[in-house]
Number of protein chains: 2
Amino acid sequence: MTPLNYKHLYYFWVVAQEGSMTRAAERLDLAIQTISGQLSQLERQLGKSLFAAHGRGLALTEAGRQALGYADQIFQLGDALVSALSSSDHENTVRLRVGISDGIPKLLAYRLLSSVYKMPVDVRLICDEGEFETLLADLALHRLDVVLTDRPAPIGGNLKVFSKRLGDFATGVFGSALLAERYKVGFPQSLDGAPMLLPTRHNALRSRIDRWLEQSGVRPRVVGEFEDSALLNTFGREGLGLFSAPLALATQIAEQLAAQALGPMPGVSEHIYAISNERRIRHPAVEVLCAASPQDETPAAL
Amino acid sequence: MTPLNYKHLYYFWVVAQEGSMTRAAERLDLAIQTISGQLSQLERQLGKSLFAAHGRGLALTEAGRQALGYADQIFQLGDALVSALSSSDHENTVRLRVGISDGIPKLLAYRLLSSVYKMPVDVRLICDEGEFETLLADLALHRLDVVLTDRPAPIGGNLKVFSKRLGDFATGVFGSALLAERYKVGFPQSLDGAPMLLPTRHNALRSRIDRWLEQSGVRPRVVGEFEDSALLNTFGREGLGLFSAPLALATQIAEQLAAQALGPMPGVSEHIYAISNERRIRHPAVEVLCAASPQDETPAAL
DNA sequence: GGGTTGTCTCTGAAAAAAACGAAGTATTTT
DNA sequence: AAAATACTTCGTTTTTTTCAGAGACAACCC
């Protein structure tokens, strides 16, 4: 429940700006009695005085000053809403705001998102990158429609979201021409002592890679750990070390990163999840995105 | 003018969350006809449909989705306002949120602010540091009550603020014991070639120092330029170079920075301005602050 | 295909909230 | 002490919100 009357708050806001009820009444084209009455109602509802008599005028109380700060933001947002909606467009276009977790391969994100362009309306994609937690917070505030990450949303979270696995992508080891040449023979044993670039431990894939390395009994030389997959790829492209990537992207990786696959990492696969708000009215493009790869939905509640 | 009915917006928000007018009506304890009517009024006022029929239910339009984002923020702020005001305190305390420009000496800021503690109520000071422009933006949003800087607010600005000069502080050259010993004799000519730490050109004081150096015909060796005065002082304390500071603070500088004055820089003085919002109802602590040093007020309009 | 259900829309009347005119209370100015 | 300024209070009018009743429409069930 929101026991706050925004009309009253608006009058309060104008009075605070104008410095007097008389001036505010003039600006709002209302009688001063109205302002006075509505204002005292607001004060009664909030249980605090917002103004104190000061001479024959008014002075803000501490509570009033604090309220003013909030009111400023509220009405600024209200104006922004009106102008955003009046600025035409969004007639036949759908805007999809996607948050992409640092760690997931950008090419994979692209491939998954490409499905939304098959919709019968114009789609405008707004992509945002960042950390998992940050993106989830933006999702909660409806600043994002969907978040693409490498793990489902935490189960105990107070956020009502659900996570949908978009697919499993088998992963392999890649490297620049020189490195691939050197370490291809005898893969995966050849990796022992080989320079390697890995995602940081924040990435869900990392633990799976570690497990695989251990099971294979090889110990590469870890020359770098990266939060961001694009950065990791750039280092990989320059031949600083071998790196992992989805095998499904081998062609694009060859083109864009001039790197080739050494071999697969069985059991190591990249899971991509789409996390969206649990709401009755879903975003049509999110529906399309989730429907593109028919897997079981995994409600956040479990 | 704010042609936005927040009550209508609130109903819209609840409907969007619940996914149907029926459920929203239940939650709001209203008849469904009310919701329906108010919602279409909102749509008429905004000039956009927010919902579209979808089966026997509703679907958000693109405009609706956009509006929802704003509504989320607005009502979150409203809740925050209510809870902030209900959480007691601010009965007999006054909160003063001060922004302190990077460049101005912290000791000076302290000295100027100390006047507010003489008020007959409890004062809680909330200090924030940052760049001039950033602080001015925060001031406009009422996130700050006053900004302490080394220059008045720009005159052409679209912000309604006024700048009050709090005082002129004659400035001198200071240095650690070793440096002071070495360069004290023959001051200021001795400064020629002496290592010196200066504020960056963003600081209003810098040009005055440069002018003085030129007029005195000395050319020190500039070993560092600092945006932040505290950082500059730290380097000065370690004896990396001579530095300028208000002569009025000589005692504290001796104590805290183990540095002593070499001599004055005539004509070079630090001006401190208090910039506050041009509003009829001023913050009482800002009044006290500005009254503490009776100088002419300089309206931002000129 | 026809009945049923769930969901939203369109009336017009009732209830609630907001707005105003008139008179009243402070406080400052002259 | 009177005039002027600024906010309050009271009772009435106006506007807005709310709801009951009736209707439209799509999905579902047999």
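Every chain is numbered from 1 and lettered A, B, ... according to where its sequence line falls, protein lines coming before strand lines.
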| field | Beyond-backbone contact of Leu85(B) with Leu50(A), side-chain heavy atoms, under 4.5 angstrom | value | yes
| remark: With sequence neighbours left out, the residues meeting side chain to side chain contact (heavy atoms under 4.5 Å, CB included) with Ile126(A) are Arg95(A), Arg97(A)
| field | Donor-acceptor pair between Arg65(A) and His283(B) side chains, under 3.5 angstrom | value | yes
| field | Nucleotide-resolved protein contact map, nucleotides 2-16 of chain D, B/S/- at heavy-atom distance under 4.0 Å | value | --BBSBSB-------
| said: Please report whether the ring centroid of Tyr6(A) lies less than 6.0 Å from that of Phe75(B). | reply: yes
| Taking the six-membered ring for Trp, are Phe12(B) and Phe51(B) parallel (under 30°), tilted (30 to 60°) or perpendicular (over 60°)? | tilted
| message | Under a 3.5 Å cutoff, is there a donor and acceptor pairing between the side chains of Gln17(B) and Arg27(B)? | response | yes
| request: Could you list where the contact with chain B starts and ends along DNA chain C, reading 5' to 3', using a 4.0 Å heavy-atom cut-off? | output: dT5(C) to dC10(C)
| said: Check the phosphate of dT18(D) against Tyr11(B), side-chain N and O only, distance under 4.0 Å to OP1 or OP2. Yes or no? | reply: yes
| task | Could you tell me how the ring of His271(A) sits relative to the ring of Tyr273(A): parallel (under 30°), tilted (30 to 60°) or perpendicular (over 60°)? | result | perpendicular
| Looking at side-chain heavy atoms only, is the closest gap between Leu113(B) and Cys127(B) below 4.5 Å? | yes
